[in-house]
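Reminder, nothing fancy here: chain letters follow the sequence lines and each chain counts from 1. Heavy atoms only: backbone and side chains are in, while hydrogens, waters and symmetry mates are out.
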Protein chains: 2
Amino acid sequence: MAGKQRVEQAVVSVKRGVAQAESICKQNHARLTPLRRRVLELVLISRKPVGAYKLLEDLKHDDFSDAPPTVYRALEFLLTHGLVHRIAKSNTYVACTHPHDDHHGLMFVCRECGEAIESEEHRLLQDIGRCGDEHGFRIPNQIVEIEGICSACRMN
Amino acid sequence: MAGKQRVEQAVVSVKRGVAQAESICKQNHARLTPLRRRVLELVLISRKPVGAYKLLEDLKHDDFSDAPPTVYRALEFLLTHGLVHRIAKSNTYVACTHPHDDHHGLMFVCRECGEAIESEEHRLLQDIGRCGDEHGFRIPNQIVEIEGICSACRMN
DNA sequence: TTATGTAACGTTATAATATAACATCTTCAG
DNA sequence: CTGAAGATGTTATATTATAACGTTACATAA
Ligand SMILES: [Zn+2]
Ligand SMILES: [Zn+2]
Ligand SMILES: [Zn+2]
Ligand SMILES: [Zn+2]
């Protein structure tokens, strides 16, 4: 059954995401504590960018504090280490799909359903960097948010 | 004196911005009411992107209601007609520097001082559009927010 | 001109997102 | 062990934005 396979794939990708995070945190001498790991799992499990208070809801069912700082501190850690990205236009958080140093590119975000797809685009980001230079701006590597409409939503 | 000249230039640019807005609203059969005009002026006067509640503070000194919907409704109007842009990363609003139909490009935003510079970049935005196509995303014209550090702040 | 519908605005309340501040507990180097 | 730094718990509050409903101003047509 297709549903079961999708769930299994999801489980695998969550496992892989956590494993990558373990590795990165080790490199950075940072501690992926149970809380931080759990928040990362919840973000990985979510198929779309997810809000902080939604994550907090889920944390309640585990044994963590359900006060806002709990989730915001974990998210700050994950953001710092490049394990998740924040989508500013929707105040949501999404797991990074290629968590390694210095990665940069585009994040396409569907304005209808919220789906987000991350794409490394070195050439394009270089062009943006040059364009910034012309205005005296130094542009660090980053994930640039692009609003659009995904194919699924265009069908409707 | 340099200061006086700068102020005079600012006054001129506010006048020009309002004049452009008048023209655009006329074309669109939209009403640039005193409130909306005043909010636009306040955004134009501000040398940097400005928050909604800061605008609301300023509106108090005129004769308008000081409740949040006042400023948010005016901002929504101005956004709809392309007269201001919202900076998602800082929840601020800035006057558009080339308010005309279908314009698209980049908005460089300094992470230190908040300064924002808008730059039309048709070629670059076309490239982004093509990149979106490859992922099934349709990318409408828009101002893409880029985080950076301005030259002034790099001196510090 | 007055009637009438719509747009704009006033007002009150509340939602949604995020952080400050301080106490307690855990980890780890020395 | 012990002290310092890091992580979490807890309470309170800041910041940004919208819902809902009533009133006023404006356009347009009978
Ligand atoms: Zn990423
Ligand atoms: Zn979609
Ligand atoms: Zn613009
Ligand atoms: Zn700056």
Between A:Asn91 and B:Pro34, whichever has its closest DNA chain C nucleotide further toward 5' is B:Pro34
For B:His100 and B:Glu120, which I'm curious about, is there any donor-acceptor pair between the side chains at under 3.5 Å?
yes
Residue met sooner reading DNA chain C from 5', once B:Pro68 and B:Leu35 are mapped to nucleotides:
B:Leu35
Whole-Å gap separating C1' (D:dA17) and CG (B:Leu79)
13 Å
Separation between CG (A:Asn156) and SG (A:Cys113), nearest 0.5 Å, reads 9.0 Å
Separation of A:Leu79 CG from A:Tyr93 OH (nearest 0.5 Å):
6.5 Å
Between A:Arg36 and D:dA7, is there a side-chain N or O to OP1/OP2 distance below 4.0 Å?
yes
Taking CG from B:Leu56 and P from C:dT11, how many angstroms apart are they, rounded to a whole number?
13 Å
Using a heavy-atom cut-off of under 4.0 Å over every strand shown, decide if A:Phe77 touches base, sugar-phosphate, or nothing.
nothing
Measure from the side chain of A:Ser65, starting at C-beta and using heavy atoms only, and say which of C:dT11, D:dA7, D:dG9 lies closest.
D:dG9
Can you confirm whether or not the ring centre of A:His103 sits under 6.0 Å from the ring centre of A:His85?
yes
Picking from C:dT17, D:dA17, D:dG9, which would you name as closest to the side chain of B:Arg86?
D:dA17
In whole Å, what is the span from the NE2 atom of B:His29 to the P atom of C:dA7?
14 Å
Rounded to the nearest Å, what distance is computed from the CG atom of residue A:Asn28 to the C1' atom of nucleotide D:dG6?
16 Å
Compare the minimum distances between each of C:dT27, C:dA7, C:dT11 and the side chain of B:Arg31, then state the nucleotide with the smallest one.
C:dA7
Separation of C:dA18 P from A:Lys54 NZ (nearest whole Å)
16 Å
Sugar-phosphate only, base, or nothing, as touched by A:Arg73 at under 4.0 Å among non-hydrogen atoms
base
Less than 3.5 Å between a donor and an acceptor, one on the side chain of B:Tyr53 and one on the base of D:dA14, is that the case here?
no
To the nearest angstrom, how far is B:Phe64 atom CZ from C:dT11 atom P?
13 Å
Euclidean distance, atom CG of residue A:Asp66 to atom P of D:dG9 [Å, nearest integer]
10 Å
At less than 4.0 Å, is any side-chain N or O atom of A:Tyr72 found next to OP1 or OP2 of C:dA18? Yes or no.
yes
What is the distance from CD of A:Glu57 to P of C:dT17, rounded to the nearest Å?
12 Å
Pick one: which of B:Asn141, B:Leu106, B:Ile139 meets side chain to side chain contact (heavy atoms under 4.5 Å, CB included) with B:Leu125?
B:Leu106
